[in-house]
Amino acid sequence: MLEGKIIGFVGSGNMAEALISGLLATGRTHPENILCADINAERRNEMAQRYGVVPEGDNTALIARADVVIYAVKPQIMDSVLRQTAAGLRPTQLVISIAAGIPMAAIAVHTAQPLHLVRAMPNVCAAVKAAATAIVAGPHATTADRQTASTIFASVGECVTVPAEHLLDAVTGLSGSGPAYVFLILEALADAGVKMGLARAEALRLAAQTVAGAARMQLETNVHPAVLKDRVTSPGGTTIAGLHALEKGGLRAILMDAVEMATQRAQALGVTPSPTKD
């Protein structure tokens, strides 16, 4: 799906680096087929030395050469980057945005022609190739475009397609913010282990492996979590006592509230800006 395609990254921050590392590690493309631009020359050279990719000091030059353009810049500068580069985008290119909270309409408004546009929401776990990414295709994107985007993000973890752009707000609330919820749970589990007498390092390692193992078990078996939970829960045993405490404390409702509130915040932040005439 990526064979022979030139992939250009506008912005070479942490997420761009994770994707480049994943693409190369999985053999989906070769270093000479990846262009990376960044306002910081030192960062461009660092990426070239580390991965063998092609550094590019000019965003417009990168766009002129790329078959796939990935906007990997911070949301607050996306508008200014689009003003600089949108005129060079071609209808034959696949354009992917990973700028959180920037709707596709805010990108398309900068161009006078239809774009093959895909918006993606990966999460921080891309850094260890364990990301949860959701993508949504714009009205002019083809099946091949969706497959290309999926191939790129599958190089750093799991990738799913959602049917409508507004659902990316829910993705933000769930998997975008979700690692922070899990980190908090991990910290609490480790603290509990310390309270019960375990050393800090062992408690944290046991907690982390428990969360990782449980998640892997669900992903690999595809069995509903409630069924898996029941398999661990013996009548009158230790697990049901612990589950009772969690239910009594409202853990389930608290996590649901957290996803809902983060989703609502994403909705509030995702206002489509209007282009300003130069």
Side-chain angles (χ1 to χ4, degrees), residues 15 18-19 21-22 25-26 28 98 100 120-136 146-147 149-164 166-193 196 198 201-264 266:
M15 189 58 71
L19 288 168
S21 176
T26 56
R28 285 173 164 84
I98 60 174
M121 176 57 65
N123 69 10
V124 69
C125 301
V128 292
K129 298 179 179 59
T133 302
I135 63 172
V136 63
R146 291 193 295 272
Q147 291 173 341
S150 293
T151 298
I152 291 171
F153 290 100
S155 70
V156 292
E158 294 289 328
C159 183
V160 302
T161 300
V162 295
H166 74 273
L167 293 174
L168 286 185
D169 291 326
V171 170
T172 300
L174 176 57
S175 58
S177 299
Y181 314 153
V182 176
F183 295 145
L184 184 61
I185 291 169
L186 275 177
E187 184 183 26
L189 287 172
D191 283 348
M196 294 297 103
L198 293 172
E202 285 74 16
L204 183 55
R205 190 168 185 86
L206 286 168
Q209 181 58 41
T210 298
V211 172
R216 181 175 175 180
M217 190 171 182
Q218 198 287 318
L219 286 170
E220 293 191 2
T221 64
N222 202 32
V223 173
H224 194 282
V227 175
L228 294 175
K229 178 199 70 177
D230 287 350
R231 289 179 184 175
V232 189
T233 309
S234 303
T238 59
T239 303
I240 193 62
L243 287 171
H244 175 73
L246 294 176
E247 293 289 4
K248 186 177 180 180
L251 178 67
R252 189 190 302 261
I254 288 171
L255 289 173
M256 293 174 69
D257 286 347
V259 173
E260 182 178 7
M261 292 184 71
T263 299
Q264 290 172 350

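Numbers for residues simply follow the sequence, beginning at 1.
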| message | Set out, in order, the CA-CA distance, both residues' side-chain angles and the distance that settles side chain to side chain contact (heavy atoms under 4.5 Å, CB included) for Leu243 and Lys229, then state yes or no. | response | CA-CA 10 Å; Leu243 287 171; Lys229 178 199 70 177; 3.9 Å; yes
| message | With rounding to the nearest 0.5 angstrom, report the CD1 to CG distance, Ile185 to Leu255. | response | 5.0 Å
| query | Do you know which two heavy atoms are closest between Val156 and Ala18, and how far apart they sit? | reply | CG1-O, 3.3 Å
| request: Drop me the distance from Ile98's CD1 to Leu19's CG, to the nearest 0.5 angstrom. | output: 5.5 Å
| request: Return each pair, listed once, that meets salt bridge (Lys or Arg N to Asp or Glu O under 4.0 Å) where at least one residue sits in residues 237-248; pairs must be two or more places apart or across chains. | output: Glu247-Arg252
| said: For the CD atom on Glu158, are there more than 12 heavy atoms of other groups (residues, nucleotides or ligands in this structure) within a distance under 6.0 Å? | reply: no
| task | Given side chain to side chain contact (heavy atoms under 4.5 Å, CB included), test Leu186 with Val211 step by step and report yes or no. | result | CA-CA 8 Å; Leu186 275 177; Val211 172; 3.6 Å; yes
| Minimum heavy-atom separation for Ala207 to Ala190, with atom names? | CB-N, 4.2 Å
| Looking only at heavy atoms, which two atoms of Ser175 and Asn123 are closest? And how far apart? | O-ND2, 3.0 Å
| task | Please round to the nearest 0.5 Å and tell me the distance separating atom OG1 of Thr239 and atom CZ of Arg231. | result | 14.5 Å
| remark: Heavy-atom closest pair (Ala120 atom, Phe153 atom, distance to 0.1 Å) is CB-CZ, 3.4 Å
| query | Any idea which heavy atoms bring Ser150 and Thr161 closest together, and the distance? | reply | OG-OG1, 4.1 Å
| request: Flag the pair Met217 / Leu228 as yes when at least one side-chain heavy-atom distance between them is below 4.5 Å, and no otherwise. | output: yes
| Should Val162 and Val171 be marked as a side chain to side chain contact (heavy atoms under 4.5 Å, CB included) after you check the CA-CA gap, both sets of side-chain angles, and the distance that decides it? | CA-CA 9 Å; Val162 295; Val171 170; 4.3 Å; yes
| field | Pairwise distance CD(Gln147) to CD1(Ile152) - rounded to 0.5 angstrom | value | 12.5 Å
| said: Can you see whether Ser155 engages Lys129 through a side-chain donor-acceptor pair at a distance of less than 3.5 angstrom? | reply: no
| field | Full working for side chain to side chain contact (heavy atoms under 4.5 Å, CB included) between Cys159 and Ile135 | value | CA-CA 7 Å; Cys159 183; Ile135 63 172; 3.9 Å; yes
| query | Is there a donor-acceptor pair under 3.5 Å between the side chain of Ser177 and the backbone N or O of Gly173? | reply | no
| Roughly how far, to the nearest 0.5 Å, is the CG atom of Asp169 from the CE atom of Met121? | 8.0 Å
| field | Atom pair CG/CG of Leu198 and Asp191 - distance to nearest 0.5 Å | value | 12.0 Å
